[in-house]
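What you see is a predicted model, and the numbers here were worked out from it, not measured in a lab. Residue numbering restarts at 1 for every chain, and letters A, B, ... go by the order of the sequence lines.
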2 protein chains.
Amino acid sequence: MKLELLPGPKLMLIVLDGLGDRKIKELGWKTPLEAAFKPNLDYFAKFGLNGRHYPLEPGLPVGSGVAHTMLFGYSLKDYPERGPIEALGIGAELEHGDLAFRINFATFAEDGKVVLDRRAGRADFGLDEIARDLSSVLSENPFGLEIEVYHSTQHRGVLVVREWKRAFGVRDTDPQVEGREVVLPEGNREIDELVRWIHRKSFEFLENHEINKRRKELGLKPANGILLRGAGMLKDVEKFTEKYGLRGAGIASDALYLGIARYFGLDPVLKLEDEEKITKALELLKNNDFVFVHFKKTDNASHDGDFLRKKEEIEKVDRLLEPLKESSNLAVLITGDHATPCSLRTHSGDAVPFLIWGENVPRDNVEKFGEGFAVFGEAGTVEAKYLMQILLNASGRLSEFGK
Amino acid sequence: MKLELLPGPKLMLIVLDGLGDRKIKELGWKTPLEAAFKPNLDYFAKFGLNGRHYPLEPGLPVGSGVAHTMLFGYSLKDYPERGPIEALGIGAELEHGDLAFRINFATFAEDGKVVLDRRAGRADFGLDEIARDLSSVLSENPFGLEIEVYHSTQHRGVLVVREWKRAFGVRDTDPQVEGREVVLPEGNREIDELVRWIHRKSFEFLENHEINKRRKELGLKPANGILLRGAGMLKDVEKFTEKYGLRGAGIASDALYLGIARYFGLDPVLKLEDEEKITKALELLKNNDFVFVHFKKTDNASHDGDFLRKKEEIEKVDRLLEPLKESSNLAVLITGDHATPCSLRTHSGDAVPFLIWGENVPRDNVEKFGEGFAVFGEAGTVEAKYLMQILLNASGRLSEFGK
């Protein structure tokens, strides 16, 4: 149903990636969040509303892309594959009908088929130049399609096939004008053929590329081919601004989060260092109603199983949140997109604590921010898809349905 | 799924409208319910089962009509527009296919078009007579339809177009009997034409009505026209008795609640003062299995932002509940239909506390009735649509599904 908004405070959604965790013996049977010294987060929890969310379903671990889709109040069917998200994330312009892949620059054996290193030793030397050259070479293809290759970080990149849908999608046979012939598919072009061609051509071209000679001289593995992943196109999703009637912006450091924010129509979406994020977010709120702010390092520490570092990363973010305490006309929701327990080193389907604090927001009896405390929060345990609604309601911004 | 009932205690659902609230500084960071002296409600909470409900979805504020639809265990699609509810609420008989509007008696400018006062100064002087006369005048319409106008309270009323569906609804072309002609629509009657005619005719007739001359002499605004709102027809809903296999009755003071109880087939539904409600409810239980009792004044105080009055209204209801303690063979569910925080003066989507007490009902560890206490209730936080089921279950009246 369509939400109807009332006037009220500006809104902020702050995500500490992979925040949720499990109690750890070495931390005195506390989670990293419970064990952290985090006076600001505890202040917000004490004077705000607490609860927990299941990202998608109780017990189901999800990826960060899906998790953010739900956090923004969208449904699973609105989530595209990772290709278009990564493309948007590195700043590639994407049109409806373009096909986007995430790619790995990789090391292949001499036959151009056996994969020796999926990440070409993670060395990014010369990959910008390789990507640029590959764009030219691949665009001279027998299918008449424009192909763009981008290098992002380390061994990672993006490949976009422009107007793929027009070329390979199932098309109308209706010529639209009477007196003309029915429009039947022209040849026997196979979609698989394009992928085979891209793979073969890339290897042929890269195997003898100047950069790869220099990589070998430097003792680096050659990036003599590419691996294609997460093929997908943009979907027709309602933009955040239309869905909520809120001008929304986004701030993150990493491609996936920049991409997902752009995909749902937040604008602008800025790539910034952690230290700049909150200051910039408050500045953006002058001309926007909503800002999404993403912090990544808590999740990295979790995947490394390093609970002490996770605790420190939480403490760092806590210090960065200090300016929020002095803000007026603001309601903020702080949570993780999912749990990444250090003991598992991977995403889990555990409930994730959240807090809402600020203008109009009610208090409950919870004293601190944390997995164990949030159980007693008055927002209860809900599915993540309700969080935007709960934030809007808590800050007094929702009009009643069925008035 | 169809619930199958076991023998057991009689049931009562008591609703304090807009009961849910947020902690208020002036009440020592308690809600009006938490701050109230309410020994009976606390007794029921202590010796009963506690929980909280979200009326429709977590965080979504809803109107009282929708909220009661969910409390009675129905689905959103069963809720009609406000017109039929108000019609039933003021005691108008409504048949399937009749079209009902809520109306405002209003003050129009001389052109009969510009609205000067949507409520004709809220003065009800002479409106009963005007409604009676208007019924005669409007029933002589070119569409051959019977039209009834009722005055209820203040500037409010109801307008019913009898057999509207027969006259204007899309009808079958199937003659049902072979050898007959297909049944085609007879003329070019326009539905909009009826509404335009009602509006014009009402103004022409009321502009010079004797009552309006006297209203002017008394310094009151004339009620020289009507505004039509919330058009709707009865829907095919399963009556409460059929749905649950329980003979159910209702008691309320206000049209909306009397209407919604009648709409779902509670019978009888009585309009009573607060002081008479519980005594009468216990009396009705002799010949019924279920009674719905509605108290309105908590919500009125909330909309006025008057938390001290809300606390007092809760204390008044608490005293009225005293006779329940002596009742046997009874299980009672007490809750609000939604939260109306005094700080917001409007409905919110917060969770609302409930308690169940009586015959067979289990105890949990909650000591008092209130938003903060109910978080720890063993019924948990649920959607309101499950409350009837939870009441039936708590009192041992539900047979197992999939036996």
Side-chain angles (χ1 to χ4, degrees), chain A residues 1-9 11 46-54 58 70 73 75 244 331 333 351 354 356 358-367 373-403, chain B residues 18 20-25 29-31 34 51-70 76 79-82 85 229-230 256 260 337-353 370-377 380-383:
Chain A
M1 69 198 61
K2 192 79 190 170
L3 300 178
E4 233 181 284
L5 261 59
L6 301 171
L11 305 164
K46 183 178 167 68
F47 294 101
L49 177 69
N50 295 264
R52 304 184 310 152
H53 72 85
Y54 277 118
M70 308 318 290
S75 100
Y244 294 108
L333 190 155
F354 68 86
I356 304 178
E359 186 103 357
N360 291 339
V361 177
R363 289 176 63 161
D364 57 23
N365 295 323
V366 171
E367 294 282 329
F373 305 110
V375 173
F376 306 99
E378 291 194 19
T381 301
V382 299
E383 293 171 47
K385 66 178 176 185
Y386 295 118
L387 285 183
M388 274 297 300
Q389 189 164 291
I390 288 173
L391 170 61
L392 289 164
N393 170 62
S395 58
R397 297 215 52 183
L398 273 192
S399 180
E400 75 192 63
F401 170 78
K403 209 167 186 168
Chain B
D21 212 308
R22 298 174 173 192
K23 297 184 201 314
I24 295 167
K25 192 179 175 189
W29 292 113
K30 291 182 177 176
T31 68
E34 288 167 359
R52 305 184 312 150
H53 71 84
Y54 276 120
L56 188 60
E57 288 179 359
L60 187 70
V62 298
S64 285
V66 170
H68 278 77
T69 299
M70 308 318 291
L76 196 54
Y79 178 69
E81 295 300 320
R82 279 291 284 273
I85 296 289
R229 305 161 62 196
L256 172 59
I260 200 105
D337 53 345
H338 53 75
T340 311
C342 290
S343 57
L344 298 180
R345 298 182 179 217
T346 184
H347 299 189
S348 77
D350 304 338
V352 183
E371 290 82 349
F373 305 111
V375 173
F376 304 95
T381 301
V382 299
E383 291 172 46

Which portion of [X] sits near chain A, non-hydrogen atoms under 4.5 angstrom:
X	result
B/Val62	both
B/Leu60	both
B/Ser343	neither
B/Ile24	neither
B/Glu81	neither

Requested in this report: Select one option (side chain, backbone, both, neither) describing which atoms of A/Ser399 are under 4.5 Å from chain B's heavy atoms.
Outcome: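 Interface part for A/Ser399: backbone (N, CA, C, O).
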
Query raised in the report: Considering only heavy atoms, which portion of A/Leu3 lies under 4.5 Å from any heavy atom of chain B: side chain, backbone, both, or neither?
Result: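 The side chain, not the backbone.
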
Report task. Can you establish whether the number of heavy atoms outside A/Glu4 located under 6.0 Å from its atom CD is more than 12? Result ->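 At most 12 heavy atoms, drawn from other residues, nucleotides or ligands, come within 6.0 Å of this atom.
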
Query - More than 12 heavy atoms from other groups under 6.0 Å of NZ on A/Lys2 - result: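 More than 12 within 6.0 Å, yes.
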
Query raised in the report: When you measure from the side chain of B/Arg22 to the backbone N and O of A/Asn360, does any donor-acceptor pair fall under 3.5 Å?
Result: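 Looks like yes, one N/O pair under 3.5 Å.
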
Query raised in the report: Can you tell me if A/Asn393 uses its side chain to pair, donor with acceptor, with the backbone of B/Gly349 under 3.5 Å?
Result: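 The answer is yes, because a donor-acceptor pair under 3.5 Å joins these two groups.
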
Requested in this report: Kindly indicate whether the side chain of B/Glu371, heavy atoms from C-beta on, has any atom under 4.5 Å from the side chain of A/Glu378.
Outcome: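 In short, these two side chains touch, coming nearer than 4.5 Å.
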
Query - Short N-O contact, B/Lys23 and B/Glu34, less than 4.0 angstrom - result: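 Yes.
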
Query raised in the report: Out of B/Thr31, B/Thr346, B/Leu76, B/Thr381, which one racks up the most heavy-atom pairs below 4.5 Å with chain A?
Result: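 Of B/Thr31, B/Thr346, B/Leu76, B/Thr381, B/Leu76 has the most heavy-atom pairs under 4.5 Å with chain A.
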
